[in-house]
Each structure stands twice: as structure tokens, then as C-alpha cells.
Amino acid sequence: MSPSTHDEPTDTERYDFAALERKWAPVWDELKPFSSDLDDDRPNKYILDMFPYPSGDLHMGHAEAYALGDVIARYWRHRGYNVLHPIGWDSFGLPAENAAIKRGLDPRKWTYDNIEQQRVSMRRYAASFDWERVIHTSDPEYYKWNQWLFLIMYEAGLAYRKDSWVNWDPVDQTVLANEQVFADGTSERSGALVVKKKLTQWYFKITDYADRLLADLDDLAHTWPAKVISMQRNWIGRSTGADVEFQIEGLDHRVPVFTTRADTLYGATFMVVAPDSDLAGELVADAPADVRERFDAYLAKVQKSTEIERQATDREKTGVPLGRYAINPVNGERLPIWAADYVLSDYGHGAIMAVPAHDQRDLDFALTFDLPVRVVVDVPAELDADGAPIDNDPVRTGIATTGEGRMVNSGPIDGMAKTEAIAHVVAQLEADGLGRATTNYRLRDWLISRQRYWGTPIPIIHGDDGALIPVPFDQLPVELPPTEGLDLQPKGSSPLGAATDWVNVVDPRDGSPARRDPDTMDTFVDSSWYFLRFLSPNDDTQAFDPELAKTWAPVDQYVGGVTHAILHLLYARFITKVLYDLGHVNFTEPFSALLNQGMVLMDGHAMSKSKGNVVALAEQLDEHGVDAVRLTMAFAGPPEDDVDWADVSPAGSAKFLARAWRVANDVTSEPGVDFGAGDPALRTVTHHFLAEVPGLVESFKFNVVVARLMELVNATRKTIDSGSGAGDPAVREAAEAVAIGLDMFSPYTAEDMWEHLGHEPSVALALWPEADPALLVETSVTAIIQVDGKVRDRLQVSPDIAADELEALARASDHVIRTLKGRTEVNVIVRAPKIVNIATKPE
RNA sequence: GCCGGUGUGGCGGAAUGGCAGACGCGGAGCACUCAAAAUGCUUUGUUCGAAAGGACGUGUGGGUUCGACUCCCACCACCGGCACCA
């Protein structure tokens, strides 16, 4: 039988989530309960969800993130805070451009159509965003300020051009920042294998900030996930050591190398330079033809190899001798110089001193090419099962010794331990002007140029003499030209270069012909400061209002996925420090606290079309309702854990919502009734709930909050059905607490309950009721009676029972008497009123 | 290899050093129903026992403590980051 032929009750006794959504969405549209006036006198909270990229409609991942962020935003409103909870779109970027190319459309259309679709879905999803502060990074009114940011950084020397080996995505036909290349050498965007190209590009000088980006992580250690902190530390990759300068025979300047093991300097037996470094070229410049040919052939081979091949760790060492010699500054020894690709041109100085005895890479190389190995650290040998020392000679074992030991074969530092030896060598080098203590970073400067259309034009004009001329501030924005007549097809250079009318300009200095920079900025520039734009989204005189930034920024709580652990979060931290240094903001970190939500999985796997396990959000919403889906996201577990949709029950959530809703329906007492006359047992449950939930929300234990809501609903149901009944004021008090608490998770249901309880919308604006301390005092507690730490009895006692009285009660327990039989007491612990523990031993 | 995190019922998960398994899913039974759906009630860690009542139990092995899921040490497994970075 089809359900539609049923005689369904049409009255209000039936919970109908779809009807609630239809009923309340228009009321909220009218009421605008989440529009924020930044000037009222309540305390501030800035709650920010990472803004989405408009790729199609919202999916389950968005649903989780926005459900969790909304719990926090709604919570602080209930606590009486003035909450700023804005939303916008990160709407520049490659997917729009690629989709446009595929369909022959303008990327604008694809982008803004998707934004509209997502906007409609978000409103249905009832995320409590302030819809009057929406920003799109692809609006000229927004990206104008990207250009402003670029220009102030250029003036400060923090934006610069250099010719360097860069990561090139052969599919998207653009360069990428280091952060956008995965460890396996593939592009974060297209998945293509990234190749190296030598190009002149724009960079932001993030390396100048490496130390501060690292040090300030300490301040975030308690409010950011440990995982993100650790990933950023790894990425910055600080390494302390020393620069050592080597004289090269026949060269008029010394060559520095970086080492973390200055103590092993006496063990250096050769030097290696990166084949693609300028130094290598210089060293072979006037080499004999045979050396030169070998080197050129090697360099060509290295440049053809992919990042993956180069990084294979068990790869055979390769290299060529350059026929040149370096002089060891501490003992004057001549060290042959080789070129080998295990040395990287863009780390340290692109050259190393090789100490094969104590560095595995150098040892592998030395053994391959039969170079000398000299032990300078006497590392005590480990003992085998019979107590005999195990041979640890690097040449015989092929294993470099890296442990602690005493220096040998090292002249004046013989006998010293590592730390002392390093200090001694560095001090000597400094005294001789041949070296110094220094620090290196894995972090590289941020490459921001992109050879694509759909991004912020770089506001620079190239004079025909090669001069770089910043576009004057009053001529911003440099707007993107229309796509008509432009071929957006990726071809290795920016499509903007072909927009003749746009790219050809006059040199502001003398009126001669000049060209605009044809590249656009990495879209991570857009998102590195957007949190400031929300404070004054329509300001056309400045990027953001510095006064509002003082009171509202940094963001109190940022919510988003761990995918941006390095990329976006590192860039935003960097740009914030730049804005601080340039006097635009008075803080140095953009996000005071960070919550990473987990992923939504299906059957143990990330959802993907190829796996065929995609759960459609729209279908879930239609089947279970917005409120049930949001509640399910929060109840599934700790927010930072992944949610497997196969393991959770939106139907169960809907069932609970119906139960909660019926409780409010059943209430018969009038609004404003004196709760004091209500059933004390239920009131105690309610006030424990009111007291406990704030701490739970503030420590992100949303799943426990939902459990507490369920307990409160169950207790209320029980009071209605088999206790003092629906007219008890305590039932109303409990139902009101449920409505306010439930608003954080399931606002439609909560709003309807609130109305049934005789209140005006919106429940979202209702203040959290204060817990009455008098009701939190227990009149009777359960004391645990243990023998040898095992529970033997439970006694209901007064909370202020005296210790000796409790002990006496415990000893009177049958269970205790029985257990003590045949044992001798050795100790008694009494912690009244909670516990008595009698420790015994056998007689 | 280095760094970080996590290990609790059939499942998702609770638990300021003090009742392990809250809350829910799933299962079983019952009520309502001609029947079903919906709803409600009971029950549900393993194991011995007819029951009363025991024993065991939070990855493994130690330790601290009257008392350890919780603190310390060592190890194992899984997840994540970095890795030819000198």
C-alpha cells in the first residue's frame, strides 16, 4: 500500500521536516537574525568557515564543515556575543577556466552560476551566515585589493622576480608553487607529473618570514590541531648548522657550503656541487673538452629526469668529476669536486662538503666512485648476543655511522664530543673569517605567477627597456579583459598576452610602448587576507578597515579541512605578518583557534565518482531533512575524526528530532510560568544540562552535547508520561532548554519548538539560561565501596557524609563483609562521599 | 629513517586518576495492529551459573598508585606529514 493513500493526520501532531523547512526559511529571510552590526556593545566573536570554491553544488564535505562551524557560531550568539559569521566564495581558479574551455563559455558564467546554486543550498541548509557581507574573490571590487597587496609588497621588496627552476604543470600549462606539488611529484591541481622549467617569475619572499612562521606556531600550540602545527614545522624545515667557506684552486672567490655537522669537517674527502647550479657552470667554464662534454651530457640527463626518478631513495648515485679541487679550510687538504644530482641547487648553497664516513648519501657516492672514506667520529660498536662488538666500519658495512662518539683524526678537536666539537670548529672558522653558524630552511619563496586567465592580473607594466613599472594605486583595479576573441586554451603562456588591446599600454614615464604583465596571481593570494575583507566588504577606499580589524580580528575560531594545513594557512599567516610589518594590522596571526573537521567517507573510503560511492547531499536532505543531516554530522563523533556515512544513522537523528518536537508540543503550562514549582528531579537534570553544555561546546565535544540533549529529552518524556505530567512547569523549563540547545544543530526543529512553546522567533537569538547552582547540589550521591580496587557495593549517602561514618557504612555492607572473609586489611582509603577502598592481603 | 597522532562492545563513540562502555546505531523480545509501517517499552561487553553471585575485560609487556582507559617506560599495529634538504 502506498503511504499517500493513508489517512494521515493533518494536524500538528506529526513531525514533518519538509513542512518545517518551508515554514521557517522565509521567516528567517525576513528577520535576518544573523546580520551583524559590528558596532554594538556586546563582546565580539569572529567565527569563520573556510570559504568554498564554487565547483558545482554543495557536497557532503561542505555539509559537515558548515554544520560544525554553525554550532560554534550559534552557540556564541546564545551566550550573548555579537557574532560575525560571514561567507563568500574563493571564486578565481583553474576549474572554472577549464570548465569554460570545455564548454566554450566565459569562466564568469560557470563561476557565478555555481555560486548561485551553492548560495541557495546554503540557505536551505540554514547555516547562520550574515548574507549581507558576501564577497567573491573574482569580483574586481575584491581583486583590486589583491593588486594593492601585491604593490605594497613590491614596494617593501617582498615581491620580486627571479629566473629559476620552477615546477611546471604540463596539463594545466602553468607554473606551481612548491606547496602545490605533492610529495610524489604530482600537481595538487591536475594530478599531472610536474616537470622542471627555468623561467622568470614573480615570487613573494616568504623565506624572510621562515623563522617567525616557525616560532609563532608555539603560540598556536593549544588552539590549533597538533597535526597542522607539526605539518607546518616539517614544511618550514628549519635546520641549524654552519656555512664553511672553501677556497677553490684557480677561482678568485671562496665557495660556501652548508653543513649541520661542522664537527666532521676533518673527515671531508670530496666536495659535491649540484649539476644545475651556477657554480657548476662556473667550475667547468674553462675545463678541458672531455670534462666539459661529460658534464654537459650529465646535466642534460639530469634535467630530463622527473622529480619522481630523482627522489627514488634507493637510486644509484650518479655524478661526474669536474677536475677541480677545493681546499679544506681546517687542514689544507685538496678535495676533488664532483657534480651530482643528489645535491640540490636550491638548498643551502647548492654545494656540500662530503663526509662519507658519517653521512649515508656521501658514503653511497664514495663507494660508487671509489673515493676515500675517513672516520673522524669513533662511534662505540654495538655488541652482538655473545657480547662481541659488531663491526661498524663504514667501508666494510656500507653504513655510515651517525651516532655520538669521540672525535678522532681531527687534529685539535680529537677527543671532543659532538656538541663541543661543532662549537670549537665554528668558533675557529669565524675567527679565521672562513665560516659562521647559520640556519637553513626547506621552505622556498612563494611563486605566485600563473600563466592562466581566471585570476588577478599582476599590476605591473614592463617598459620596452625591461623596466618594471608598478601600476599606480589610483589606476587599480587592472581588470581582466573580456574573454571574447581570447583563446583560453592552455599553451604555456598567459592568454592575457594575446589580448592586444589590454596588454599594450603606454609607458607612464615617457609614453613609449609598454606591455602589461600577462600573468595572473596564484589564487592563494586571494584567500590569504579575505578574513579582513569581511569586516567592510563594500569599502571601495581600502582593502579593509584598520579600526574594525583592531576590534574584530584576528578570527576567534576558524573552521575548515586539513587539506589546507600547509597551503592556505601558511600563506595567510605569512601575509598577516607582512600586513603587521607594514603597519596595517596590529596582530601577527590571522586565526587564533583552528578546528579541522574530518572527511565524510562512504564505506571506509573518500567519496569519488570513480569509486562509485558518492553520497549526494541533496538526496540526504530530501530523505531525512536538513536538521537530521546536520545533527548526524555533529553526533557522529569528535569533529576532527572522519565520518563514515555508512556507520551513522540520519534516520535515527530524525527520530530523535521528532521526539524532541513532540515534547514541546505536549507542554501545557503557560510561557512565563514559575519554574520553581516544578518537579525537582527533572529540574536537576535540566540545570545540569545547562551547566555542562557550554564547556562541552567550547571544547568541541559536539557529539556529547547531542547525547546530553537526548538524555534531557528522554527525562522530559518520562516526566510527561509517567511522572508529574505535561503541565509541570519543569517540563516547560526542560523543553525550552532543549529548543535553545537544539538550535545549534537543528534550527528548523528548534524554531518550531520555540513557537509551540509560545515564543517569538527566533530561538537563535534566545539567551542561554543560567544554571541555578542550588539545583546542581546533589541531595544524595552514590558512594563506591571497593575492596582491593574492585567495586563490591554502592551506597546512597548524603554528599556531606563524614569520612568515618561512610567507612562504618561500608564495613556494614554484606558484600564487603563476605569479601573480607579470609583476608587481612592493610590499608583503608576514604574519600567521602565518593569512595571507600579497603586494601587487603591474604591471611 | 625523522616527526606527529590514534588504538575502548557487532558498529559510531562516552568517561577532572575513583561505578568502563554515557548517548546512539544494529540485534533480540514485547505492546499497539487483521497485518505492516510508525510509535512506545524491555533487553543487549565476554564468560561461568537455574539463580543468587562470581571471573575476565580499554593494542602488548612492565612501572607508579589504596585505585590506571586516564600518568611514566618499552614495544606492536594503524593513520598522517616530511624525506638524497647536507
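In what follows, chains are A, B, ... by sequence order, proteins preceding strands, each numbered from 1.
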Colleague: Starting at atom CG of Leu335(A), determine the distance to atom P of A86(B), rounded to an integer number of angstrom.
Modeller: 20 Å

Colleague: Any side-chain N or O of Arg717(A) under 4.0 Å from OP1/OP2 of G40(B)?
Modeller: no

Colleague: Give every pair of a protein N or O atom and an N or O atom of nucleotides 19-24 of chain B that lie under 3.5 Å apart, one pair per line with the distance.
Modeller:
from	atom 1	to	atom 2	distance (Å)
C19(B)	O2	Arg794(A)	NE	2.6
C19(B)	O2	Arg794(A)	NH2	3.3
A22(B)	O2'	Glu711(A)	OE2	2.7
G24(B)	OP1	Asn714(A)	ND2	3.1

Colleague: For A35(B), which nucleotide in any strand shown is its Watson-Crick or wobble partner with both distances under 3.5 Å?
Modeller: none

Colleague: Name the closest nucleotide to the Lys701(A) side chain, picking from C25(B), A15(B), G81(B).
Modeller: A15(B)

Colleague: Please give the distance between the C1' atoms of G13(B) and G18(B) as a whole number of Å.
Modeller: 22 Å

Colleague: Under the rule for side-chain hydrogen bond (donor to acceptor under 3.5 Å, both in side chains), what residues qualify as partners of Thr632(A), not counting sequence neighbours?
Modeller: Ser653(A)

Colleague: Show, in sequence, the C-alpha distance, side-chain angles and deciding distance for Thr207(A) and Asp445(A), and conclude whether the side chain to side chain donor-acceptor pair (under 3.5 Å) test is met.
Modeller: CA-CA 5 Å; Thr207(A) 51; Asp445(A) 275 341; 2.6 Å; yes

Colleague: Please determine, for G80(B), whether a Watson-Crick or G-U wobble partner exists with both distances under 3.5 Å, and give it or none.
Modeller: C3(B)

Colleague: Just to be sure I understand the rule, does Pro638(A) reach a base, reach only the sugar-phosphate, or reach nothing, if contact means heavy atoms closer than 4.0 Å?
Modeller: sugar-phosphate

Colleague: Give the rounded distance in Å between these two atoms: NZ of Lys834(A) and P of U16(B).
Modeller: 10 Å

Colleague: I'd like a table of donor-acceptor pairs (distance under 3.5 Å, sequence neighbours excluded) in which one partner is a side-chain atom from residues 825-836 of chain A, with atom names and distances.
Modeller:
from	atom 1	to	atom 2	distance (Å)
Glu825(A)	OE1	Arg811(A)	NH1	3.3
Glu825(A)	OE1	Arg811(A)	NH2	2.9
Glu825(A)	OE2	Arg811(A)	NH1	2.6

Colleague: Nearest to the Tyr347(A) side chain among C66(B), A86(B), C82(B), which nucleotide is it?
Modeller: A86(B)

Colleague: Would you kindly give the CZ-to-C1' distance between Phe365(A) and A86(B), to the nearest whole Å?
Modeller: 14 Å

Colleague: Would you mind calling G9(B) syn or anti? Take O4'-C1'-N9-C4 for purines or O4'-C1'-N1-C2 for pyrimidines, and syn is within 90° of 0.
Modeller: syn

Colleague: Mind calculating the distance between CG (Asp666(A)) and P (G40(B)) to the nearest angstrom?
Modeller: 12 Å

Colleague: Please confirm whether the ring centroid of Phe270(A) lies under 6.0 Å from the ring centroid of Trp338(A).
Modeller: no

Colleague: Would one find a side-chain N or O of Ser230(A) under 4.0 angstrom from OP1 or OP2 of G5(B)?
Modeller: no

Colleague: Is there any side-chain hydrogen bond (donor to acceptor under 3.5 Å, both in side chains) pair reaching into residues 636-650 of chain A, and which pairs are they, with sequence neighbours excluded?
Modeller: Gln620(A)-Trp645(A)

Colleague: State, without any angle test, whether Gln796(A) and Thr782(A) hold a side-chain donor-acceptor pair at a distance under 3.5 Å.
Modeller: yes

Colleague: Expressed as a whole number of angstroms, how long is the span from Ile566(A):CD1 to G80(B):C1'?
Modeller: 11 Å

Colleague: Under 4.0 Å: is that the gap between some side-chain N or O of Tyr342(A) and OP1 or OP2 of A86(B)?
Modeller: no

Colleague: Go through the side-chain N and O atoms of Thr840(A) and Asp788(A) and say whether any donor and acceptor fall under 3.5 Å apart.
Modeller: yes

Colleague: Check the interface with nucleotides 48-53 of chain B: list each N/O to N/O pair with the protein under 3.5 Å, or write none.
Modeller:
from	atom 1	to	atom 2	distance (Å)
G53(B)	O3'	Arg818(A)	NH1	3.4

Colleague: Is a donor from one side chain sitting under 3.5 angstrom from an acceptor on the other, for Tyr441(A) and Ser239(A)?
Modeller: no

Colleague: Look through every strand shown and name the nucleotide pairing with A74(B) as Watson-Crick or G-U wobble, where both distances are under 3.5 Å.
Modeller: U60(B)

Colleague: Hunt down the Watson-Crick or G-U wobble partner of C41(B), both distances under 3.5 Å, from any strand shown, or write none.
Modeller: G29(B)

Colleague: Base, sugar-phosphate, or nothing: which does Asn827(A) touch, judged by heavy atoms less than 4.0 Å apart?
Modeller: sugar-phosphate

Colleague: Just the rounded figure in Å: distance from P of G5(B) to CE of Met599(A).
Modeller: 20 Å

Colleague: Pick the P atom in U70(B) and in A15(B), then give their distance to the nearest Å.
Modeller: 15 Å

Colleague: Polar atom pairs between nucleotides 68-72 of chain B and protein, under 3.5 Å, N or O only, would you list them?
Modeller:
none

Colleague: Please identify each residue that fulfils salt bridge (charged side-chain N to carboxylate O under 4.0 Å, His left out) with Arg818(A), with sequence neighbours left out.
Modeller: none

Colleague: Please measure how far the P atom in C76(B) lies from the corresponding atom in G67(B), and state the result in whole Å.
Modeller: 29 Å

Colleague: With sequence neighbours left out, what residues match Asp218(A) under salt bridge (charged side-chain N to carboxylate O under 4.0 Å, His left out)?
Modeller: Arg233(A)

Colleague: List in chain and number order the residues that pass salt bridge (charged side-chain N to carboxylate O under 4.0 Å, His left out) with Arg238(A), two or more places apart in sequence or in another chain; answer none if no residue qualifies.
Modeller: Asp211(A)

Colleague: If I pick the P atom on G4(B) and the same atom on G54(B), what distance separates them, to the nearest angstrom?
Modeller: 46 Å

Colleague: Any luck finding a side-chain donor-acceptor pair between Asn167(A) and Lys196(A) under 3.5 Å?
Modeller: yes

Colleague: If you restrict it to nitrogen or oxygen atoms, what contacts under 3.5 Å exist between nucleotides 55-58 of chain B and the protein, and what is each distance?
Modeller:
from	atom 1	to	atom 2	distance (Å)
A55(B)	OP1	Arg792(A)	NH2	3.3
C56(B)	OP2	Lys790(A)	NZ	3.4

Colleague: For Ser653(A) and for Arg261(A), find the nucleotide of RNA chain B with the closest heavy atom, then tell me which residue's nucleotide is more 5'.
Modeller: Ser653(A)

Colleague: Using the P atom in both, what is the distance from G59(B) to U44(B), to the nearest Å?
Modeller: 24 Å

Colleague: Mind calculating the distance between CH2 (Trp235(A)) and C1' (A83(B)) to the nearest angstrom?
Modeller: 11 Å

Colleague: Tell me the interatomic distance from Ile229(A), atom CD1, to C82(B), atom P, rounded to whole angstroms.
Modeller: 16 Å

Colleague: Looking only at atom P, what distance separates U60(B) and G7(B), rounded to whole Å?
Modeller: 14 Å

Colleague: Using modelled atom types and a 3.5 Å cut-off, is there a donor and acceptor pairing between side-chain atoms of His605(A) and backbone atoms of Asp603(A)?
Modeller: yes

Colleague: Walk me through it: do Tyr342(A) and Asp362(A) pass the test side chain to side chain donor-acceptor pair (under 3.5 Å)?
Modeller: CA-CA 9 Å; Tyr342(A) 81 93; Asp362(A) 295 343; 2.7 Å; yes

Colleague: In whole angstrom, give me the gap between the C1' atoms of C73(B) and G24(B).
Modeller: 38 Å

Colleague: Could I get the full list of salt bridge (charged side-chain N to carboxylate O under 4.0 Å, His left out) partners for Glu711(A), not counting sequence neighbours?
Modeller: Arg708(A)

Colleague: Would you measure the distance from the C1' atom in C11(B) across to the matching atom in G45(B) and give it in whole Å?
Modeller: 13 Å

Colleague: Residues two or more places apart in sequence or in another chain: which of them pass side-chain contact (heavy atoms from CB on, under 4.5 Å) with Glu245(A)?
Modeller: Arg254(A), Pro256(A), Arg436(A)

Colleague: Any luck finding a side-chain donor-acceptor pair between His358(A) and Thr264(A) under 3.5 Å?
Modeller: no

Colleague: Take Asn234(A) and Ile838(A), find for each the nucleotide of RNA chain B with the closest heavy atom, and name the residue whose nucleotide sits nearer the 5' end.
Modeller: Ile838(A)

